[in-house]
Amino acid sequence: MPITARDREILRLALPALGALVAEPLFLIADYAIAGHGLGTSAVGALGVAGTVLSTLVYLCVFLAYGTTASVARQIGAGNTERAMRSGVDGLWLAFGIGVALIVVGWPLSPAIVDLFGATATQSADAVTYLRISLLGTPGMLVVLAGTGVLRGMQDTRTPLVVAVGSFALNALLNAWFVLGLHWGIAGSAWGTVLAQTLGAAVYLWVVVGGARRAGVPLAPDLAGIAQAGTASVALLVRTVCLRIVLLVATAVATRMGTAELAAHAIATQLWTLLALCLDAIAIAGQAITGRSLGAGDADGTRDATRRMVWWGVWSGVVLGVLVVAGRPFFPGIFDADPLVTAELLGVLWVVALFQPISGVVFVLDGVLIGAGDQRYLAWAGVWTTLAYLPVALVAGDLVVLWLALGVWMIARMLTLGIRAYGTRWLVTGG
């Protein structure tokens, strides 16, 4: 099929977004690789627990990026730059406030949260150490989410790419120095990530604040605007909670299977996340294009863009699945996995590869409906698909069956999103 002008627009936004999205899970993958070589299998398992908790805390707030992208893009399409930047400034203040609240609440509760996963005493102690230090970086991480949403809404995915790549490179260097050079243990791994994320947040503040000043938007917090930004994202938060419940349950089930299973699950989860974010690059383009075109009143253009992005999602998933199969023999060695972990991981990777094309459709349609502001439907769809997943996951007796349950969940998501996208109720135009 020939490349059209619509395809070029999609790729112009998706390719830089791909680089930025891939850099995000590389923060934890770098931690896993360095911990595996310098600290051993037990530390990798501890990172699996702490990383799941931290990712849950951060990505429950993903509305700071996705919701801001949709609202800013819609206002840009409607020609209202000042309102777009006001939304962006409100999002930054909301992100910082939530980050501070997470530190205050999460620090004393860290041991109790880690205990829910049933890890060994050594893994639990390491997980608490990593989690508590990493919490100090949550204001920066959430500011990065909000700032990314502002720039994506303004059709700029290149700046987030530059910041993400720079942050990842700094994170890897600091982790190697702190863990392998200074021998700070798992605490060094956490401190490297905190410093890298905080510096990335400073860059976003500089860019967004500059844009707000040029648009004549005040930088002082607007309590009414911040409250509106928070309450408007409740439905998107419900959707995100459902996604995190799925991953938390999977980690809890894997933890009770044993140390080797937990380590293999932790590695496979990070690989799955990396692949999902590769596919989500097209969805990021979908958020920006959908919000802008609906804001400009172009429903037909939105429909055409959606069809093209689904096509790109399917074939991208096929390519990624083939790459997983080809790289399957080499993944355990990257993390210095012992024979028991290797055996578990090799079985799971077949499932990971199998569901990549379905994931391609799911992530694209999810991004399109977020860009359209169809959060209420996404919330209900998230509830029903989670209910389809839980019974299968909770009876899983081995790691491969647990990952097949994740496949059932993806199929349910594809059906619910596809039905909605086929209709017209989400095609609401105007600013």
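Quick note: numbers below take in every heavy atom, side chains included, and nothing from hydrogens, waters or symmetry partners.
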Are Trp403 and Trp272, when compared by the centres of their aromatic rings, separated by less than 6.0 Å?
yes
May I ask you to decide if Ser71's main-chain N or O and Gln75's side chain share a donor-acceptor pair within less than 3.5 Å?
no
Can a donor-acceptor pair be found between the side chains of Trp311 and Asp7 at a distance below 3.5 Å?
no
Show, in sequence, the C-alpha distance, side-chain angles and deciding distance for Asp366 and Phe363, and conclude whether the side chain to side chain contact (heavy atoms under 4.5 Å, CB included) test is met.
CA-CA 5 Å; Asp366 193 56; Phe363 286 106; 5.5 Å; no
Using atom types as modelled and distance alone, determine if a side-chain donor or acceptor of Asn171 lies under 3.5 Å from a backbone N or O of Thr193.
yes
Of the non-hydrogen atoms in Val150 and Gly88, which two are nearest, and what is the gap between them?
CG2-CA, 3.3 Å
Where Gly360 and Leu279 come nearest, the two heavy atoms and their spacing:
N-CD1, 3.5 Å
Reported CG-to-CG distance for the pair Leu378 and Leu417, which is rounded to 0.5 angstrom:
6.5 Å
Considering all heavy atoms of both residues, which atom of Ile133 and which atom of Ala187 are nearest to each other, and what is their separation?
CD1-CB, 3.6 Å
If we only count heavy atoms from C-beta on, is the Arg308 to Ile10 side-chain gap below 4.5 Å?
yes
I need the minimum non-hydrogen distance between Leu174 and Ala196, along with the two atoms involved.
CD1-N, 4.5 Å
Do we see a donor-acceptor contact under 3.5 Å between the side chains of Ser87 and Asp90?
no
List for me each residue that meets side-chain hydrogen bond (donor to acceptor under 3.5 Å, both in side chains) alongside Glu9, sequence neighbours excluded, and say none if there are none.
Arg6, Arg292
Give the intermediate values and the outcome of side chain to side chain contact (heavy atoms under 4.5 Å, CB included) for residues Ser359 and Leu275.
CA-CA 9 Å; Ser359 297; Leu275 297 171; over 6 Å; no
For the residue pair Trp426 and Thr306, establish whether any side-chain heavy-atom pair is separated by less than 4.5 Å.
yes
Is there a side-chain contact between Ser167 and Leu199 (heavy atoms, below 4.5 Å)?
no
Expected output: side-chain Thr68 to main-chain Gly149 donor-acceptor under 3.5 Å
no
Min side-chain heavy-atom separation Phe63-Leu145 under 4.5 Å
no
About how many Å separate CD1 of Ile370 and CD1 of Ile284, when rounded to the nearest 0.5 Å?
8.0 Å
Determine yes or no for a side-chain-to-main-chain donor-acceptor pair under 3.5 angstrom, with Gln197 supplying the side chain and Leu195 the backbone.
no
With rounding to the nearest 0.5 Å, note down the distance linking CH2 in Trp409 to CD1 in Ile358.
12.5 Å
Pair Met414-Phe355, side chain to side chain contact (heavy atoms under 4.5 Å, CB included): steps then yes or no:
CA-CA 11 Å; Met414 182 179 68; Phe355 285 101; over 6 Å; no
Could you pull out all residues at least two apart from Thr269 that satisfy side-chain hydrogen bond (donor to acceptor under 3.5 Å, both in side chains)?
His265
Residues Leu182, Trp177; criterion side chain to side chain contact (heavy atoms under 4.5 Å, CB included); working and verdict
CA-CA 6 Å; Leu182 299 180; Trp177 181 28; 3.6 Å; yes
Write out all pairs satisfying side-chain hydrogen bond (donor to acceptor under 3.5 Å, both in side chains) with one or both partners inside residues 390-402, taking only residues at least two apart or from two chains.
none
Are Val361 and Leu365 side-chain neighbours, meaning at least one heavy-atom pair lies under 4.5 Å?
yes
Would you say Trp93 has more than 12 foreign heavy atoms packed within less than 6.0 Å of its CH2?
no
Taking Arg239 for the side chain and Gly382 for the main chain, is one N or O donor matched with an acceptor at less than 3.5 Å?
no
Around Arg213, counting heavy atoms of other residues, nucleotides and ligands shown, do more than 12 lie under 6.0 Å from its CZ?
no
When you compare the side chain of Tyr389 with that of Leu406, does any pair of heavy atoms fall below 4.5 Å?
yes
Does any pair with a residue in residues 318-330 pass side-chain hydrogen bond (donor to acceptor under 3.5 Å, both in side chains), and if so which ones, sequence neighbours excluded?
none
Can you tell me how far apart CZ (Arg132) and OG (Ser110) are? Round to the nearest 0.5 Å.
5.5 Å
Does Thr138 use its side chain to pair, donor to acceptor, with the backbone of Leu135 at less than 3.5 Å?
yes
Arg74 side chain to Ala372 main-chain N or O, any donor-acceptor pair under 3.5 Å?
yes
For the residue pair Arg376 and Trp380, would you count it as a cation-pi contact if the rule is NZ or CZ under 6.0 angstrom from the ring centre and within 45 degrees of the ring axis?
no
Would you indicate whether the side-chain heavy atoms of Cys242 and Thr385 approach each other to under 4.5 Å?
no
Within the side chain of Thr157, is there an N or O that forms a donor-acceptor pair under 3.5 Å with the backbone of Leu13?
yes
OG1/Thr416 to CZ/Arg413 distance, rounded to the nearest 0.5 angstrom?
7.5 Å
Between CD1 of Ile289 and CE of Met309, what distance do you get to the nearest 0.5 Å?
5.0 Å
So Gln356 and Leu323, do their side chains get closer than 4.5 Å, heavy atoms only?
no
Counting only N and O atoms by type, is there a donor-acceptor contact under 3.5 Å from the side chain of Thr290 to the main-chain atoms of Gly371?
no
Ala254 and Leu399 have their tightest heavy-atom pair at CB-CD1, 4.0 Å
Sorted by first residue and then second, give each ring-ring contact (aromatic ring centres under 6.0 Å, His included) pair with at least one member in residues 178-205; sequence neighbours left out.
Phe178-Trp184
Heavy-atom pair with the smallest gap, counting every atom of Gly188 and Asn175:
O-OD1, 3.7 Å
Residues forming a side-chain hydrogen bond (donor to acceptor under 3.5 Å, both in side chains) with Tyr66, sequence neighbours excluded
Asp280
Any side-chain to backbone donor/acceptor pair from Thr129 onto Ala125? Under 3.5 Å, distance only.
yes
